[in-house]
Amino acid sequence: MTTGSTIAAVLTDEKLVEMQRRMLRIRLFDSRAVELQSAALLPGPIHTSIGHEAAIVGACMALRNDDYMTGYHRSHGHPIGKGSRLAPLMAELLGRSDGICRGKGGSLHLADFSVGSLGESGIVGAGLPIAVGAGLSARMLGTDRVSLGFFGDGAANTGPFHEAMNLASIWQTPTIFFCENNGYAVSFSIKEAMKVEHVVDRAAGYSIPGVRVDGQDVLAVHAAVTEAVARARTGGGPTLVEAATYRFREHAEMLPTAPYRAADEVERWKARDPIALFRQVLIRRGVATEEELRYLEDEVTTEVNEAVQFAKDSPQPEPDAAFEDLFVNPIVVRGAN
């Protein structure tokens, strides 16, 4: 797997600190979401990105603001990694009218077009064909935008994954397929789900480049996706990037499952907490001091607390609003008053 030992030289100190900020936002946002669900304030299931922060932020920060992105059911981290404001995201989780989707999407279906986030889906693998379509549209419109589709290792065994990879390869769309491989589809080990050793091995079947990176190393992820983006932006077509990562919590909160992960395995991965690892990198390279990073952590904590309060203060949607935003009529009737 590639590492991020050389990429820091091309990143400004400001961007390096922003990486840590966004990882903290994901961690603290999801931690509060767990608390809110436990307090019966957050309806429906939630799937946290705790442990995946470096994979998400490294990928998102290799994109431009106007580049497209699609997520999946483990969805809160993706728009946060792309730069979304926390308050409307948290309001969406609580089903409130000030939510980013007016309370109609909830945890599994966040979308923020202002940062290129086209949406997420509880249907496994469903975002990948959309990512291919977004990339195709960017090319047909004559822009150099790219699209990135996040997915988990479980989605690598679904039809939409293979269909999307095939079309992207044939059409040479500017699409990055980004797998957050945490080793388990719910409680089923990827070792029992695939004959190939790694998801990235499947890139060869579609004649596209593939790279596997350490998903706990935000700089390694950023380097790999930066290269894939440059290739896509200049007409080189799609890339498959696989980030080896780990979720520190269960597949979904309050989901009863029999034990399926060894305790020492979980602890080994927790010892490679991406936020703690990058914190030490920032200090060692003189990018930030201990005091400055503590201030950053306090700043993000305040930001998340304010987002929670905003969500609690946001009104419930009116019943009639359920019928709004369902469709649009593109037909213009000439001569109509």
Side-chain angles (χ1 to χ4, degrees), residues 2 4 7-8 10-12 14-26 49 52-72 74-86 89 100 110-120 127-139 141-152 164 168 172-180 208-211 213 215 217-243 245 274 278:
T2 61
I7 191 64
V10 301
L11 294 170
T12 65
E14 182 181 14
K15 190 165 185 178
L16 292 170
V17 172
E18 182 63 18
M19 286 178 166
Q20 185 74 347
R21 182 191 307 278
R22 294 192 190 188
M23 287 196 291
L24 285 166
R25 282 174 174 162
I26 295 171
S49 297
H52 286 224
E53 293 91 350
I56 295 169
V57 170
C60 285
M61 290 191 65
L63 301 172
R64 290 195 318 231
N65 190 65
D66 64 340
D67 286 330
Y68 300 119
M69 179 202 76
T70 63
Y72 65 109
R74 195 169 305 285
S75 57
H76 312 156
H78 303 129
I80 296 173
K82 195 71 162 61
S84 291
R85 293 172 51 238
L86 299 187
L89 294 178
I100 195 68
L110 300 172
D112 185 356
F113 295 166
S114 71
V115 296
S117 174
L118 301 180
E120 297 157 337
L128 297 178
I130 296 171
V132 173
L136 180 63
S137 73
R139 193 176 67 194
L141 290 169
T143 76
D144 67 345
R145 288 179 175 179
V146 304
S147 64
L148 184 146
F150 284 104
F151 65 102
Q172 286 291 282
T173 63
T175 308
I176 297 94
F177 295 87
F178 189 91
C179 180
E180 297 172 57
I208 69 173
V211 60
V213 296
D217 181 344
V218 68
L219 297 179
V221 175
H222 184 270
V225 177
T226 295
E227 183 176 341
V229 166
R231 182 183 301 114
R233 226 184 277 290
T234 55
T239 301
L240 173 59
V241 179
E242 177 185 2
T245 186
F278 195 53

Note: Ile26 and Gly77 closest approach over all heavy atoms is CD1-O, 3.6 Å
For the residue pair Asn65 and Val115, establish whether any side-chain heavy-atom pair is separated by less than 4.5 Å.
-> yes
Here the gap from Thr245 atom OG1 to Glu180 atom CD, rounded to the nearest 0.5 Å, amounts to 7.0 Å
Closest non-hydrogen atoms of Ile100 and Ala111, given as atom of the first, atom of the second and distance, are CG1-O, 3.0 Å
(message) Is the shortest side-chain heavy-atom distance between Glu227 and Val211 below 4.5 Å?
(response) no
Separation between CZ (Phe150) and CG (Leu128), nearest 0.5 Å, reads 11.5 Å
Here the gap from Phe178 atom CZ to Thr70 atom OG1, rounded to the nearest 0.5 Å, amounts to 12.5 Å
Residues passing the side-chain contact (heavy atoms from CB on, under 4.5 Å) test with Glu18, sequence neighbours excluded, are Arg21, Arg22, Arg25, Met61
Hey, does Leu219 have a side-chain heavy atom less than 4.5 Å from the side chain of Met19? yes
In short, Val221 meets Ala59 closest at the heavy-atom pair CG1-N, 3.5 Å
Residue set satisfying side-chain contact (heavy atoms from CB on, under 4.5 Å) with Ala134, at least two apart, ordered chain then number -> Tyr68, Leu118, Ser147
Side chain to side chain contact (heavy atoms under 4.5 Å, CB included) test vs Leu148 passes for just one of Thr239, Val225, Val229, namely Val225
_Flag side-chain contact, heavy atom, 4.5 Å: Ser49 against His78_ = no
- Item | Any side-chain heavy-atom pair of Leu89 and Pro79 under 4.5 Å | yes
To the nearest 0.5 Å, atom CG of Asp67 lies from atom CZ of Arg233 at 4.0 Å
Rounded to the nearest 0.5 Å, the CD atom of Glu120 sits from the CD1 atom of Ile130 at a distance of 10.5 Å
Checklist entry - Just wondering, more than 12 heavy atoms not from Arg139 lying within 6.0 Å of its CZ? => result yes
Minimal heavy-atom distance between Pro129 and Ala164, with the atoms involved, is N-CB, 3.9 Å
**Q.** Test log, rule salt bridge (charged side-chain N to carboxylate O under 4.0 Å, His left out), inputs Asp112 and Arg85
**A.** CA-CA 9 Å; Asp112 185 356; Arg85 293 172 51 238; over 6 Å; no
Checklist entry - Is the closest side-chain heavy-atom distance between Phe177 and Val132 below 4.5 Å? => result yes
Check: Side-chain contact, heavy-atom cut-off 4.5 Å: Phe278 with Glu53?
Finding: no
So salt bridge (charged side-chain N to carboxylate O under 4.0 Å, His left out) across residues 141-151, not counting sequence neighbours, yields Arg64-Asp144, Asp66-Arg145
* Are the side chain of Lys82 and the backbone of Ser117 linked by a donor-acceptor contact shorter than 3.5 Å? -> no
The reported gap from CG in Leu11 to OG1 in Thr226 (rounded to nearest 0.5 angstrom) is 7.5 Å
Between Pro174 and Leu136, the two heavy atoms sitting closest are CD-N, 4.5 Å
Closest non-hydrogen atoms of Ile56 and Gly81, given as atom of the first, atom of the second and distance, are CG2-CA, 4.3 Å
